[in-house]
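First the structure, in the form of structure tokens, and then the observations on it.
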Amino acid sequence: MLIPHDTRIALETVVNLVNTAPESDAGDGLADIATLYGFAERHRISGVGDLGEKDLRAVHDVRSKFAEIFAAPDARTAADLVNGLVAAAGTTPQLTNHDGYDWHVHYFAPDASIADHLAADCGMALAFIVVAGEQERLRRCEAPDCRDAFVDLSRNRSRRYCSSRTCGNRLHVAAYRARRREAAG
């Protein structure tokens, strides 16, 4: 599956946004304005400006809607969710080249809020996945103690864990040790 650079960046951003949700013992990864600024900086979200509580609540709402898209049981449901999210953001597609990147499309208006920026750009990245018939690539980690979101970009759609280094390796080592105990016992 060929994914343009800007779409890949938006997919990474949406995954990281969904994974800030307080679904684990780690708590909310976007608990306050400072963490929202940090998220925007790490993901190089342009034109952020001054952020307030209203922005934080709006980003939490967008994050919840993205989580619903990852949990969608079928492409029709995912498409309806994406359509609603992108429409509410008031998309304004524009060609742009900045920060060393060649021409690409921004789907948000230049003065858009951070929530609308995320909803439009990341929503369109998810739309491309659904349009390509690849909605099943939007997954949750199969590690019982994780459940982080990820986009399976493997060639054969076989990825099961958010990270093969952490969750995947931990479960493989546990299975190996269980087999060893069983063989020894």
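- Here the CZ atom belonging to Arg159 is positioned 7.5 Å from the CG atom belonging to Leu153, to the nearest 0.5 angstrom.
- Annotation: the span from Leu56 atom CG to Ile33 atom CD1 amounts to 5.0 Å, rounded to 0.5 Å.
- Judged by distance alone, the side chain of Ser154 and the main-chain N or O of Ser158 form a donor-acceptor pair under 3.5 Å.
- Using a distance-only test at 3.5 Å, with no hydrogens or angles considered, a donor-acceptor pair links the side chain of Arg42 to the main chain of Gly38.
- For the atom pair His60 NE2 and Glu53 CD, the distance stands at 9.0 Å (nearest 0.5 Å).
- Ion pairing of Arg147 with Glu142 is absent here, as no side-chain N (NZ or NE/NH1/NH2) approaches a carboxylate O to less than 4.0 Å.
- Side-chain N or O atoms of Gln135 include one that pairs as donor or acceptor with a backbone N or O of Ala72 at under 3.5 Å.
- Using a 4.5 Å heavy-atom cutoff, the side chains of His5 and Ile9 are in contact.
- Inspection of the Thr77 and Asp74 side chains reveals an N or O donor paired with an N or O acceptor under 3.5 Å.
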Test log, rule side chain to side chain contact (heavy atoms under 4.5 Å, CB included), inputs Leu81 and Lys65: CA-CA 7 Å; Leu81 291 166; Lys65 289 178 176 143; over 6 Å; no
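- A distance of 12.0 Å separates CD of Glu41 from CG of Leu36, quoted to the nearest 0.5 Å.
- To the nearest 0.5 Å, atom CD1 of residue Ile129 and atom CG of residue Leu11 are 5.0 Å apart.
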Residues Val62, Asp116; criterion side chain to side chain contact (heavy atoms under 4.5 Å, CB included); working and verdict: CA-CA 8 Å; Val62 168; Asp116 285 346; over 6 Å; no
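- Looking only at side-chain heavy atoms (C-beta outward), Phe39 and Ile45 come within less than 4.5 Å of each other.
- Side-chain N or O atoms of Asp55 include one that pairs as donor or acceptor with a backbone N or O of Gly52 at under 3.5 Å.
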Derivation and outcome, side chain to side chain donor-acceptor pair (under 3.5 Å), residues Asp32 and Thr35: CA-CA 6 Å; Asp32 54 34; Thr35 56; 3.1 Å; yes
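- With Arg157 contributing its side chain and Glu136 its backbone, the two residues share no donor-acceptor pair below 3.5 Å.
- A salt bridge is defined here as a Lys NZ or Arg NE, NH1 or NH2 lying under 4.0 Å from an Asp or Glu carboxylate O, and Arg137 with Glu134 meets this definition.
- Using a 4.5 Å heavy-atom threshold, the side chains of Leu17 and Leu30 count as touching.
- In this structure, the side chain of Asp28 does not engage the main chain of Ala21 through any donor-acceptor pair within 3.5 Å.
- Between Leu85 and Ile69, the closest side-chain pair of non-hydrogen atoms falls below 4.5 Å.
- In this structure, Asp148 and Arg140 have side chains that are not in contact, with every pair of non-hydrogen atoms separated by 4.5 Å or more.
- Between Arg139 and Asp152 a salt bridge is recorded (basic side-chain N to carboxylate O distance below 4.0 Å).
- Between Arg57 and Asp61, every side-chain heavy-atom pair lies at or beyond the 4.5 Å cut-off.
- Here the side chains of Arg44 and Thr13 are not in contact, with every heavy-atom distance at 4.5 Å or above.
- Note on Phe70 and Val131: separate hydrophobic clusters, where clusters join Ile, Leu, Val, Met, Phe, Trp and Tyr whose side-chain heavy atoms are under 4.5 Å apart, directly or indirectly.
- Between Thr92 and Phe108, the closest side-chain pair of non-hydrogen atoms is not below 4.5 Å.
- To the nearest 0.5 Å, atoms CG (Asp50) and CD1 (Ile114) are separated by 12.0 Å.
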